[in-house]
K.L.:
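Quick one: the structure is below, and I'll ask about it shortly.
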Amino acid sequence: SLWGIVNAGSSSDGTEDSDFSADHEHTDRIETYGRTRRNTRLTRASLRLSQSSQDSSPVQISPAEVVTFSARRVTRSRSLQQGPPVTPKKYPLRQSRSSGSDTEQHAEDLKRAADQDESPPRTPTGNALSSESDIDVSSPNASHDESLAKELSLKDSGSDLSHRPKRRRFHESYNFNMKCPTPGCNSLGHLTGKHERHFSISGCPLFHNLSVDECKTRASSRDKQVEERTLSHRQDENRHGTRHQAPTERQMRYKEKVTEMRKKRNSGLLKEQKDQYMDHRQSHGNNREPLLENITSDYDLELFRKAQARASEDLEKLQGQVAEGSNMIKTIVFGRYELDTWYHSPYPEEYARLGRLYMCEFCLKYMKSLTILRRHMAKCVWKHPPGDEIYRKGNISVFEVDGKKNKIYCQNLCLLAKLFLDHKTLYYDVEPFLFYVMTEADNTGCHLVGYFSKEKNSFLNYNVSCILTMPQYMRQGYGKMLIDFSYLLSKVEEKVGSPERPLSDLGLISYRSYWKEVLLRYLNQFQGKEISIKEISQETAVNPVDIVSTLQSLQMLKYWKGKHLVLKRQDLIDDWKAKETKRGSSKTIEPTALKWTPPKGT
């Protein structure tokens, strides 16, 4: 090596070293420099400490000996040339280990002496600037000094691991009380074939009339199909604009194969198969999935099984996110009902982690236990929402609640609504809104049916910002009553209203149904030949955009000879009349029962 050549060419004391000795010396310096340097410092500090502390020592150390000791350096090459290695002197050290305080004092003295020691500076790589070899001096107490130095360094660096969170073991985080709700199931296996256990019906093999091995076999076959499909897609990567090109031969063969498989489907079930299906249904009821064999083709049944497995996998991921992420309230006790929640609501963490909340159905205060709820109900004086009662017909009432005057009630109402609405984002900033709460009265008080909120000053003429019907009152006509009441307020204000976008799925269905009824009622009473969208909007307070979209969905708006025509479909009108007769007039809004004046500034 280059290092060996340079040292072999010239020597400071006139002696020549071999390449081997130079290489060996350099390697030894690199590997043991840090350890021997620490031992050297500890040995010097120990000598000074023993010289100052011991009263009667069998060996007296003179300053000259200390200097000689600290300056003595032995190289491997010189020891090889000069004969036998020189044995360094060993000095006995007197150390007291009677108490822990003495040991700590000794460690502090060691550290102070090491700091005061003047050692040669080091380069950025950590090597000393001196060209001489390392000190080859040992001490009988070097191991003890190293242990003290290690304890001291750990103490100084603050490497106390007590502040770190304790790692949770499997048996601590795993809930063994969880069990599949299917009767007779041991919670083993999974419909996807990728998990060892399941805790829901969606992943239960027994519910789907399958075994654990069958699920695993189906999973492996699905993986093979995915690999084949991926390989075929890679082969088709060179085909640009696949959508506008003719299908390949492979695609045509697959299409013919699917057509043949669907033709092999039996047109009907045999009597034995029907009896088998009925026996399965009677013995298991809703605890098992109905038998699906021979009902459709094998190809379609396999597609359905794949969709089930994929949905089950997505549900497992969703449940994992809910369990690992923010806490979610599962159920609420509201009056005489226990309601299952649909979505997450940002209740305080101390309440959300409980999983079940107890609510007062009049003041909407939420509590942690049934005992607290009973004590609250004994003292609560509320029997209806705060605010002004602006509508009453029979046992149905509507209260107008100002978000600025009754802030706590409106915030609790928004938190409650978020449990059943996915797109709601308003929780605490309730001052710019008015809340119209619909109730149903009995001898115990006015029970919450639903509500809608609207802005006090809406620049886009939105008459509804958020609307909700409580789950126990859904599919009973109360949702349309709330929508009709919002448009009744718009008529009194002499404005054209529309709900705030985007609408939720249930909200869009409810509004589409309401707009359909409004248009059919108007067309049934209209006797003229020419009709105007603007006139319909002024008469019903429905936005013209909503009217046009509803007419298009009903296929009643046509373009003919350069003009837009509205078709009066009598079949739809007859169906609407039959439903109105069957429904009755109990769940309708009476305009004369409204006692309300638009707020100032709106």
Side-chain angles (χ1 to χ4, degrees), residues 168-226 269-270 272-333 337-344 352-357 419-420 471:
R168 298 179 63 186
R169 296 185 179 180
F170 175 78
H171 64 83
E172 295 176 350
S173 59
Y174 190 81
N175 189 358
F176 287 95
N177 295 327
M178 297 178 64
K179 187 179 179 182
C180 178
T182 303
C185 181
N186 55 4
S187 300
L188 296 178
H190 198 274
L191 182 63
T192 60
K194 300 179 180 180
H195 305 284
E196 297 297 332
R197 297 180 67 85
H198 67 276
F199 305 103
S200 61
I201 294 178
S202 61
C204 179
L206 183 62
F207 176 82
H208 296 87
N209 303 313
L210 298 173
S211 64
V212 178
D213 296 335
E214 289 177 350
C215 293
K216 293 181 179 179
T217 304
R218 292 172 182 268
S220 60
S221 63
R222 286 194 299 267
D223 294 339
K224 291 181 180 179
Q225 293 177 3
V226 170
L269 297 176
L270 300 177
E272 297 179 356
Q273 294 176 347
K274 291 183 179 180
D275 295 340
Q276 182 181 359
Y277 291 171
M278 293 301 297
D279 294 341
H280 181 272
R281 190 66 176 175
Q282 291 177 0
S283 58
H284 298 290
N286 295 328
N287 295 326
R288 296 283 184 88
E289 183 184 64
L291 298 178
L292 303 178
E293 287 73 12
N294 299 324
I295 293 181
T296 183
S297 64
D298 295 339
Y299 174 78
D300 294 327
L301 181 59
E302 184 64 22
L303 283 181
F304 180 70
R305 293 296 188 189
K306 290 180 182 178
Q308 281 184 326
R310 185 174 180 179
S312 179
E313 183 68 20
D314 293 341
L315 287 175
E316 288 290 339
K317 294 179 180 178
L318 180 62
Q319 291 175 359
Q321 292 176 359
V322 171
E324 296 175 1
S326 57
N327 297 325
M328 181 175 176
I329 299 171
K330 300 295 187 298
T331 58
I332 60 172
V333 177
Y337 299 98
E338 182 175 349
L339 307 176
D340 293 332
T341 60
W342 300 350
Y343 304 102
H344 170 74
R353 65 187 179 188
L354 299 176
R356 171 180 291 187
L357 281 187
L419 293 172
F420 308 101

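This chain uses plain numbering: 1 for the first residue, then up along the sequence.
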K.L.:
Please report the closest heavy-atom contact between Leu339 and Pro471, naming both atoms and the distance.
P.N.:
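Smallest interatomic distance, heavy atoms only, reads CD1-CD, 4.4 Å.
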K.L.:
Looking only at heavy atoms, which two atoms of Asn209 and Pro290 are closest? And how far apart?
P.N.:
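So the minimum-distance heavy-atom pair works out to ND2-O, 3.9 Å.
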K.L.:
Side-chain donor-acceptor pair under 3.5 Å between Arg197 and Ser187, yes or no?
P.N.:
no
K.L.:
Check side-chain hydrogen bond (donor to acceptor under 3.5 Å, both in side chains) between His190 and all other residues, then give those that pass, not counting sequence neighbours.
P.N.:
Thr192, Glu316
K.L.:
What are the two closest heavy atoms between His198 and Pro205, and how far apart are they?
P.N.:
CE1-CD, 3.6 Å
K.L.:
Quick one: are Pro181 and Ile201 in side-chain contact, heavy atoms under 4.5 Å?
P.N.:
yes
K.L.:
Between Lys306 and Arg218, is any pair of side-chain heavy atoms under 4.5 Å apart?
P.N.:
no
K.L.:
Taking Thr331 for the side chain and Arg356 for the main chain, is one N or O donor matched with an acceptor at less than 3.5 Å?
P.N.:
no
K.L.:
Return the minimal non-hydrogen interatomic distance between Phe420 and Ile332, and the atom names on each side.
P.N.:
CZ-CD1, 4.1 Å
K.L.:
Rounded to the nearest 0.5 Å, what separation is found between the NZ atom of Lys330 and the CD atom of Glu338?
P.N.:
13.5 Å
K.L.:
First locate atom CG of Asn286, then atom CZ of Arg281, and finally report the distance between them rounded to the nearest 0.5 Å.
P.N.:
5.0 Å
K.L.:
Can you measure from OG (Ser220) to NZ (Lys194) and round to the nearest 0.5 angstrom?
P.N.:
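Interatomic distance, Ser220 OG to Lys194 NZ, rounded to 0.5 Å: 11.0 Å.
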K.L.:
Would you say the side chains of Arg305 and Gln308 form a donor-acceptor pair under 3.5 Å?
P.N.:
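Gln308 and Arg305 do have a side-chain donor-acceptor pair below 3.5 Å.
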K.L.:
Would you please name every residue forming a side-chain hydrogen bond (donor to acceptor under 3.5 Å, both in side chains) with Tyr299, sequence neighbours left out?
P.N.:
Tyr254
K.L.:
Could you state the interatomic distance from OG1 (Thr296) to CG (Leu303), rounded to the nearest 0.5 Å?
P.N.:
9.5 Å
K.L.:
With the side chain counted from C-beta on, respond yes when Tyr277 and Glu293 share a heavy-atom pair under 4.5 Å apart, and no when they do not.
P.N.:
yes
K.L.:
Let me confirm one number: the CG-CH2 distance from Leu419 to Trp342, rounded to the nearest 0.5 Å.
P.N.:
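Interatomic distance, Leu419 CG to Trp342 CH2, rounded to 0.5 Å: 11.0 Å.
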K.L.:
So, for Thr182 and Leu206, which heavy atoms are closest and what is the spacing to 0.1 Å?
P.N.:
CG2-CD2, 4.3 Å
K.L.:
Working to the nearest 0.5 Å, report the span between CG of Leu291 and NE2 of His284.
P.N.:
8.0 Å
K.L.:
Which atom names give the shortest non-hydrogen contact between Cys204 and His208, and what distance separates them?
P.N.:
O-ND1, 2.7 Å
